[in-house]
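Since the structure comes first, as structure tokens, the remarks are kept for the end.
Quick note: residue numbers are just sequence positions, from 1.
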Amino acid sequence: MDESLQDQEWVAAFEKPKGDPTAFLKPATTALSPYLKFGCLSSRLFYQRLQEVYRNVKKHTKPPVSLEGQLLWREFFYTVAYGTPKFDQMEGNPICKQIPWNDNDSLLSAWRDGQTGYPWIDAAMVQLRKWGWMHHLARHAVACFLTRGDLFVHWEKGRDVFDRLLIDSDWAINNSNWMWLSCSAFFSQYHRIYSPISFGKKYDPDGKYIRYFLPVLKDMPKEFIYEPWTAPIDVQRKAKCIIGKDYPEPLVSHLDASKNCKEKIAAAYALNKGVKGEISQVQLQRVKKNSSDRRNIDDVIKQTPKKLRQKKLTSY
């Protein structure tokens, strides 16, 4: 804690969700969450030390985006989790929107194992598996991709992966964040989707983070590092990385999959209006069936690799 708070200007200027999720040798956060989770660091002590820093500087950020704000979010999630029945599941949870998520273990496995074909997403998941930690914005991106952004897989399945792999996994916070990022509770702007291409690129255009965690792509030119399937075959050969052989094709077209996901979320929101988690599975399946785009995620996946290579995916 002392080391994290030593740079008082940094502490005063801390503003979530700002920060670089691709900074891995020196994380762009305090990285104190595991110590708080296991009780090695008192949240009350941390709070008081933050107040000391704030008194010593002329200007500092305020909750909810400040470091103090992050502690308050922690307490908020603890409080909500304690007072909400069946907080760690969708069914029977009065604050959780009922959404007809896919039950596709092959998509889940590809996401968990860093095999989605999207280097930014895969690098983050490899970091999680190897280090047991990743920046909060990387968590946001991979959670969005699995659920409402691209794959439409149930947030409970992603929650379980984080619970097993994160060194700072906390029951209340983990469930809260997955409901938030899947737009199941707390946050409802489902049309705002993290791009699996442009989001990481704006922090790390050279792809250093990707090259570190996905060495198979270390020689890929930077103009293709976030979309290697668009690289001409001679470039792939020179980089010693043939897409579809050494590194996977994208599981889905982000443009098509995200559109499909938004339509299904919109239909589910309409069904949830005015109720508190009291929607039957029959009604949910009807939403899936009657979506304005009658294709499900499996139809999007069937798009041929050749077609994906021919078009550069539009990013949000």
Side-chain angles (χ1 to χ4, degrees), residues 16-17 64 73-74 76-105 107-108 111-112 121 136-164 166 169-196 199 252 257-293 296-297 316:
K16 189 178 180 180
W73 275 118
R74 178 178 182 267
F76 168 74
F77 287 143
Y78 274 32
T79 303
V80 176
Y82 178 79
T84 304
K86 299 183 179 180
F87 185 72
D88 59 354
Q89 62 187 61
M90 180 181 77
E91 291 187 44
N93 182 342
I95 72 168
C96 183
K97 288 184 173 61
Q98 306 298 293
I99 297 172
W101 302 108
N102 288 317
D103 185 18
N104 191 317
D105 287 338
L107 291 179
L108 176 69
W111 171 83
R112 179 196 63 206
I121 299 297
H136 57 267
L137 289 179
R139 303 182 196 200
H140 291 189
V142 300
C144 180
F145 184 87
L146 180 70
T147 57
R148 64 182 174 85
D150 291 82
L151 303 185
F152 214 68
V153 171
H154 204 309
W155 65 264
E156 291 177 17
K157 292 181 178 289
R159 181 271 319 276
D160 290 344
V161 172
F162 271 29
D163 189 54
R164 288 194 302 272
L166 277 174
S169 178
D170 180 297
W171 181 82
I173 298 173
N174 194 28
N175 279 286
S176 296
N177 280 330
W178 274 96
M179 281 189 277
W180 185 306
L181 268 302
S182 65
C183 281
S184 296
F186 306 114
F187 181 79
S188 60
Q189 297 180 40
Y190 59 84
H191 57 281
R192 295 179 60 184
I193 291 175
Y194 288 90
S195 167
F199 184 71
V252 295
S258 60
K259 178 182 178 181
N260 187 251
C261 287
K262 284 186 284 188
E263 290 174 346
K264 288 183 177 179
I265 292 282
Y269 267 40
L271 185 62
N272 277 265
K273 193 173 183 179
V275 301
K276 295 183 177 180
E278 299 176 356
I279 298 175
S280 70
Q281 287 301 309
V282 173
Q283 289 173 302
L284 286 179
Q285 290 306 314
R286 192 175 298 136
V287 169
K288 182 182 291 188
K289 181 179 179 181
N290 294 335
S291 176
S292 59
D293 181 350
N296 61 25
I297 198 72
Y316 289 90

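The side chain to side chain contact (heavy atoms under 4.5 Å, CB included) test applied to Arg112 returns Ser109, Val161, Arg164, not counting sequence neighbours. With sequence neighbours left out, Phe77 forms a ring pair (Phe, Tyr, Trp, His ring centres under 6.0 Å) with Trp73, Phe186. Annotation: salt bridge (Lys or Arg N to Asp or Glu O under 4.0 Å) contacts of Asp105 (sequence neighbours excluded): Lys157.
Scanning all heavy atoms of the two residues, the minimum distance from Phe87 to Ser176 falls at CZ-OG, 3.2 Å. Of all heavy-atom pairs spanning Val153 and Thr147, the tightest one is O-CG2, 3.3 Å. Across all their heavy atoms, Ala172 and Ala81 have their closest contact at CB-CB, 3.7 Å. For the pair Leu146 and Leu151, the tightest heavy-atom approach, listed with the atom from each and the gap, is O-CB, 3.4 Å. Shortest non-hydrogen contact noted between Cys144 and Ile193 is SG-CG2, 3.9 Å. For Met90 against Glu156, the heavy-atom pair with the smallest separation is N-OE2, 2.6 Å.
The shortest distance between side-chain heavy atoms of Phe162 and Val142 falls below 4.5 Å. At least one side-chain heavy atom of Leu181 sits less than 4.5 Å from a side-chain heavy atom of Tyr194. Residues Asp88 and Arg159 are in side-chain contact: their nearest non-hydrogen atoms beyond the backbone lie under 4.5 Å apart.
To the nearest 0.5 angstrom, Ser258 atom OG is 13.0 Å from Tyr190 atom OH. Rounding to the nearest 0.5 Å places CH2 of Trp101 at 10.5 Å from NZ of Lys264. Once rounded to the nearest 0.5 Å, the distance linking NE2 of His140 with CZ of Phe187 reads 10.0 Å. Distance CG/Asp170 to CZ/Arg74: 6.5 Å, rounded to 0.5 Å. Atom NZ of Lys262 sits about 12.5 Å away from atom CZ of Arg192, to the nearest 0.5 Å.
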Would you sort out whether Trp155 and Ile99 count as a side chain to side chain contact (heavy atoms under 4.5 Å, CB included), showing the intermediate values?
CA-CA 10 Å; Trp155 65 264; Ile99 297 172; over 6 Å; no
Trace of the side chain to side chain contact (heavy atoms under 4.5 Å, CB included) decision for Phe152 with Ile265
CA-CA 9 Å; Phe152 214 68; Ile265 292 282; 3.8 Å; yes
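Judged by the 6.0 Å distance and 45° axis criteria, Lys97 is positioned over the aromatic ring of Tyr269.
Between the side chain of Asp150 and the backbone N or O of Ala257 there is no donor-acceptor pair closer than 3.5 Å.
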